[in-house]
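FYI, side chains are in, hydrogens and waters are out, and symmetry mates aren't considered; it's all heavy atoms of this structure.
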Amino acid sequence: QQLYELGFTARQIHGMLAAGRLHPLHRGVYAVGHRRVVDRGRLLAAQLSVGDRCFLSHRTAAAVWGLRPVNTHDIELTVVGGSARRRTGLTIHRTHDAPDPRDARLNGPLRVSSVMRLLIELSPRETPAELERLVTVAVQKRLLRPDLRSGRDDISAALARHERWPGVATLKAVLAGYRRTESAKSGLERAFDRLLAGHPDFPRPQPNVYIDRWEIDRFWPAHRLAVELDGRPYHIAVRDMERDRTKDAALQRLGLIPLRFTDFRMEHDQSGILADLGHFLGVSR
């Protein structure tokens with residue numbers, strides 16, 4: 001179609017094919033001059049072959065966003081409405097409704113499912129472990145920000161738009177492991193205080209103290225000991241970890257000793273927590 005719009009006739013196009021100036025990639029889609037086409041070119045050719053009402057989706061969308069390797073031998077696309085002719089090397093999905101603008105994005109010249117939509121598309125067919133891996137890589141690449149506490153963030157909105165899709169419950173369970181909650185934090189603080197209350201030989205800390213611009217969950221001024229209680233799920237956003245490291249370095253520059261205890265340790269290693277505290281507080285265990 002682009003050749004026709006440039007003024008070429010069907011006879012001229014056939015002549016260029018015969019002369020080896022055009023090389024078919026799909027029906028009506030050609031490489032110019034040679035077949036050595038990079039992966040993104042192959043994806044664009046597949047998109048052009050299906051038409052304007054399609055976008056790259058599923059595992060192919062994950063590859064476009066850098067979440068998995070590109071497989072140019074099985075390119076997945078979704079077509080909005082109607083039907084599309086079968087094409088070798090293409091897996092074509094169909095949807096009756098046009099996607100929400102937030103669910104189909106441009107990545108260069110490629111139309112592609114958003115990260116949240118591709119996770120929803122893949123949730124019925126991928127294992128929870130693979131979904132966890134995809135979410136982890138998306139968080140590392142800053143494509144997902146699942147640490148927001150508001151129920152009105154982009155992730156919650158995408159899940160709400162697709163709440164009736166198969167597999168969404170599995171994806172929700174995976175994403176829950178990356179979302180911070182105030183209740184988890186406060187629950188760990190209460191558990192930590194109960195642990196100290198059961199051991200009166202430990203000096204009492206000051207709760208929720210601000211030093212410089214940093215809030216410290218439990219602080220022993222005489223011992224310069226600052227304890228942070230990480231009351232959040234095992235899987236945490238990379239941005240949170242980087243913020244924690246920055247905070248620890250800042251406290252050390254102020255001459256403090258930062259210690260971090262997680263809810264996992266509170267559940268499985270209370271004796272280890274007491275031993276660590278005892279070492280820095282001068283309490284023999």
Side-chain angles (χ1 to χ4, degrees), residues 39-40 43 55-72 74-76 78 99 102-105 107-108 110 112-163 165-185 187-188 228-249 260-269:
D39 288 344
R40 286 181 71 87
L43 299 180
F55 53 94
L56 300 166
S57 61
H58 296 75
R59 288 180 175 176
T60 301
V64 172
W65 292 111
L67 306 183
R68 62 180 304 136
V70 178
N71 180 4
T72 58
D74 184 12
I75 298 173
E76 296 189 75
T78 294
R102 292 166 290 183
D103 293 332
R105 306 288 183 85
N107 187 302
L110 303 176
V112 59
S113 293
S114 69
V115 172
M116 270 307 300
R117 178 170 175 119
L118 74 86
L119 290 171
I120 292 167
E121 291 167 344
L122 292 176
S123 58
R125 58 193 263 195
E126 302 288 5
T127 65
E130 174 61 7
L131 289 175
E132 281 191 8
R133 189 195 68 78
L134 291 169
V135 171
T136 299
V137 177
V139 168
Q140 291 171 344
K141 289 178 174 289
R142 305 293 198 270
L143 299 172
L144 277 183
R145 299 186 181 276
D147 56 332
L148 299 175
R149 302 172 189 180
S150 167
R152 296 184 295 274
D153 60 273
D154 290 342
I155 292 175
S156 298
L159 292 172
R161 289 194 299 274
H162 302 88
E163 61 182 350
W165 284 41
V168 167
T170 302
L171 180 59
K172 284 182 178 179
V174 170
L175 287 168
Y178 290 79
R179 301 172 76 89
R180 299 186 65 173
T181 61
E182 292 293 345
S183 59
K185 174 78 167 181
L188 177 56
E228 288 293 291
L229 301 170
D230 290 339
R232 56 196 177 197
Y234 176 72
H235 295 291
I236 59 177
V238 173
R239 188 172 61 175
D240 287 337
M241 292 191 292
E242 293 300 325
R243 183 168 55 238
D244 291 344
R245 290 168 181 151
T246 300
K247 181 176 183 179
D248 289 349
R260 291 188 175 274
F261 299 128
T262 63
D263 46 6
F264 183 88
R265 280 199 73 185
M266 182 59 66
E267 182 177 352
H268 299 285
D269 187 28

So CZ of Arg260 and CG of Asp248: to nearest 0.5 Å the spacing works out to 4.0 Å
message = Under 4.0 Å between a side-chain nitrogen and a carboxylate oxygen: does that hold for Arg125 and Glu76?
response = yes
Output for pair (Ser114 OG, Ile120 CD1), nearest 0.5 Å, gives 7.5 Å
One should read off an interatomic distance between Leu188 CG and Leu229 CG, to the nearest 0.5 angstrom, of 4.5 Å
task = Please assess Leu56 against Asn107 for the test side-chain contact (heavy atoms from CB on, under 4.5 Å), listing each intermediate value before the final yes or no.
result = CA-CA 10 Å; Leu56 300 166; Asn107 187 302; over 6 Å; no
The reported gap from CG in Leu110 to CH2 in Trp65 (rounded to nearest 0.5 angstrom) is 10.0 Å
Would you call the rings of Trp165 and His162 parallel, tilted or perpendicular, where under 30° means parallel and over 60° means perpendicular?
-> perpendicular
For residues 112-124, the salt bridge (Lys or Arg N to Asp or Glu O under 4.0 Å) pairs (sequence neighbours left out) are Arg117-Glu121
From the list Val174, Leu134, Leu131, side chain to side chain contact (heavy atoms under 4.5 Å, CB included) with Ser123 holds only for Leu131
Scanning both residues in full, the closest heavy-atom pair of Pro69 with Ala63 reads O-CB, 3.6 Å
dist Met116:CE -> Leu175:CG (nearest 0.5 Å) comes out at 5.5 Å
**Message:** What I'd like to find out is whether the side chain of Arg68 reaches to under 4.5 Å of the side chain of Val137, using heavy atoms alone.
**Reply:** no
Value for NZ (Lys172) from CD1 (Ile155), rounded to nearest 0.5 Å, stands at 12.5 Å
Subject >> Any side-chain heavy-atom pair of Thr78 and His58 under 4.5 Å >> reply: yes
Report yes if the side chains of Lys141 and Leu67 come closer than 4.5 Å at any heavy-atom pair, otherwise no.
-> yes
* Asked: Can you list the steps and then say if Asp74 with Arg59 is a salt bridge (charged side-chain N to carboxylate O under 4.0 Å, His left out)?
  -> CA-CA 9 Å; Asp74 184 12; Arg59 288 180 175 176; over 6 Å; no
Are side-chain heavy atoms of Val64 and Arg40 found at a separation under 4.5 Å? yes
